[in-house]
Undergrad: 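Next up is a structure, given as structure tokens.
Predicted, not measured: the structure shown is a model, and the values here were computed from it. By convention in this document, chain letters (A, B, ...) are assigned in the order of the sequence lines, proteins followed by strands, and residues within each chain are numbered from 1.
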There are 2 protein chains.
Amino acid sequence: MARKRFDDSSCSVARALNEVGDWWSLLIVLHAMYGTRRFVDFQQELGIAKNILCDRLGRLVDNGVLRKVDVGEHGSRFEYRLTEKGRDLFPVVIALRQWGDKWNPAPEQPALNLRDRATGRPVQMVQVRDADGQPLSIRDVFMPEDSLPEAKKG
Amino acid sequence: MARKRFDDSSCSVARALNEVGDWWSLLIVLHAMYGTRRFVDFQQELGIAKNILCDRLGRLVDNGVLRKVDVGEHGSRFEYRLTEKGRDLFPVVIALRQWGDKWNPAPEQPALNLRDRATGRPVQMVQVRDADGQPLSIRDVFMPEDSLPEAKKG
DNA sequence: TAATTTGGTTTCTTAAAGCAACCTTATTAA
DNA sequence: TTAATAAGGTTGCTTTAAGAAACCAAATTA
């Protein structure tokens with residue numbers, strides 16, 4: 001693969017993708033949000049090779065997305081739990097799932113049915129909103145000069 | 001790499017990641033949202049190898065995220081423009097950028113400063129919201145049985 | 001005490017990423 | 001009018017990561 005790293009990129013999306021932008025990491029986070037915590041459970045649910053899972057869990061822990069908790073008192077039993085940073089990926093994951101449900105629905109699979117625990121009502125589509133809460137499309141926004149990526153500035 | 005494909009996965013996040021979940025695709029979409037349309041511009045802005053860029057653009061076109069437009073009348077000049085499906089990734093990209101700005105801010109780089117074109121006011125944080133528009137954390141929601149991923153059902 | 005589970009590590013193979021060179025068709029410059 | 005450059009690729013080679021399978025040690029369970 002010889003992947004390019006983006007650790008030092010001036011773009012925060014690139015840096016974010018460096019942490020969770022590979023094939024597995026975001027799926028691991030997703031399953032962690034579904035409630036998975038144990039190594040073997042991730043392995044079975046995702047169908048991921050153990051060495052890759054090791055690597056990804058370690059990387060996610062290093063990046064502060066998960067933390068490794070020693071359970072079972074004297075070693076050899078661990079749980080991987082989302083940190084606040086990891087839980088903060090909630091809108092990203094849900095937005096991605098809603099996009100997938102909309103544009104590549106599985107014929108036999110129901111779309112995301114995420115509900116407010118308090119009221120039982122389904123959640124809204126994740127959207128970019130203006131200060132008044134109105135949804136904005138990409139055509140409705142602009143970015144001041146200083147927010148554009150490097151190469152576009154000169 | 002020998003990557004596992006998720007085309008047939010029952011999880012729409014996995015299928016979404018199959019289309020835009022690699023290292024480059026989402027960055028290409030991001031730059032397309034910033035206004036980039038030409039092959040050479042993507043190449044220079046992203047610092048991506050030409051063959052990889054070719055492959056990714058072609059894949060994004062195949063998947064209906066971009067469309068290739070013939071400009072310059074008689075061939076050899078093209079533009080890659082976002083489709084509606086591509087533009088629909090707006091909340092995903094913005095949520096990811098906001099996450100990156102929050103958790104891995106670049107010391108010298110300003111955070112995302114995206115503004116409503118109509119009012120000039122900054123956009124809100126992208127969040128999952130209940131039916132009344134109130135932000136929900138992952139702890140505030142639940143998923144009915146039929147929305148859980150395969151492996152958790154049995 | 002033996003078998004199994006958990007959470008790994010090691011080795012090997014395969015395939016993708018990245019680099020550089022090359023190529024064709026237009027356009028621009030001399 | 002010819003030469004140089006730009007756009008948009010393609011090809012071939014090298015490096016490196018992904019994936020499969022085997023192996024392993026500590027702890028738990030039978």
Undergrad: Is there a side-chain contact between Arg56(B) and Asp22(B), using heavy atoms and a 4.5 Å cut-off?
TA: yes
Undergrad: Measure the distance from CG on Leu53(A) to C1' on dT9(C) and round it to the nearest whole Å.
TA: 13 Å
Undergrad: In whole Å, I'd like the distance from the CG atom of Asp41(A) to the C1' atom of dG7(C).
TA: 12 Å
Undergrad: Please give, in whole Å, the distance from dA20(D) P to Leu46(A) CG?
TA: 13 Å
Undergrad: Can you check the Ile52(A) CD1 to dG7(C) P distance for me, whole Å?
TA: 18 Å
Undergrad: Can you tell me the distance, in whole Å, between the CD1 atom of Ile28(B) and the P atom of dA17(C)?
TA: 11 Å
Undergrad: Scan nucleotides 12-14 of chain D against the protein and return all N/O pairs shorter than 3.5 Å with their distances rounded to 0.1 Å.
TA:
from, atom 1, to, atom 2, distance (Å)
dG12(D), O6, Asn51(B), ND2, 3.3

Undergrad: Would you say Trp24(A) reaches dG19(D)'s phosphate, i.e. side-chain N/O to OP1/OP2 under 4.0 Å?
TA: yes
Undergrad: Give, for atom CG of Leu60(B) and atom CH2 of Trp24(B), the distance between the pair rounded to the nearest 0.5 Å.
TA: 13.0 Å
Undergrad: Does Arg56(A) make a side-chain N or O approach to OP1 or OP2 of dA18(D) shorter than 4.0 Å?
TA: yes
Undergrad: Distance check: side-chain N/O of Arg38(A) vs OP1/OP2 of dG7(C), anything under 4.0 Å?
TA: yes
Undergrad: What integer distance in Å separates Asp22(A):CG from dT16(D):P?
TA: 18 Å
Undergrad: I need the Arg38(A) CZ to Gln44(A) CD distance, nearest 0.5 Å.
TA: 11.5 Å
Undergrad: Look up atom CZ in Arg77(A) and atom CG in Asp70(A), then write down how far apart they are to the nearest 0.5 Å.
TA: 11.0 Å
Undergrad: Hey, what do you get for OG1 (Thr119(B)) to CG (Asp130(A)), rounding to the nearest 0.5 Å?
TA: 6.0 Å
Undergrad: Could you state the atom-to-atom distance from NZ of Lys50(B) to P of dC19(C) in whole Å?
TA: 13 Å
Undergrad: Tell me whether the OP1 or OP2 atom of dG8(C) has a side-chain N or O from Tyr80(A) closer than 4.0 Å.
TA: yes
Undergrad: Do Asp41(B) and Thr36(B) pair up side chain to side chain, a donor and an acceptor below 3.5 Å, judged on atom types alone?
TA: no
Undergrad: Ignoring the backbone of Phe78(B), work out which of dG18(C), dT6(C), dG9(D) is nearest its side chain.
TA: dG9(D)
Undergrad: At what distance, to the nearest 0.5 angstrom, does CG of Leu82(B) lie from CZ of Arg37(B)?
TA: 9.0 Å
Undergrad: Specify the separation, in whole Å, of atom CD of Glu79(B) and atom P of dA6(D).
TA: 19 Å
Undergrad: Establish, with yes or no, whether the OP1 or OP2 oxygen of dG9(D) is under 4.0 angstrom from a side-chain nitrogen or oxygen of Lys68(B).
TA: yes
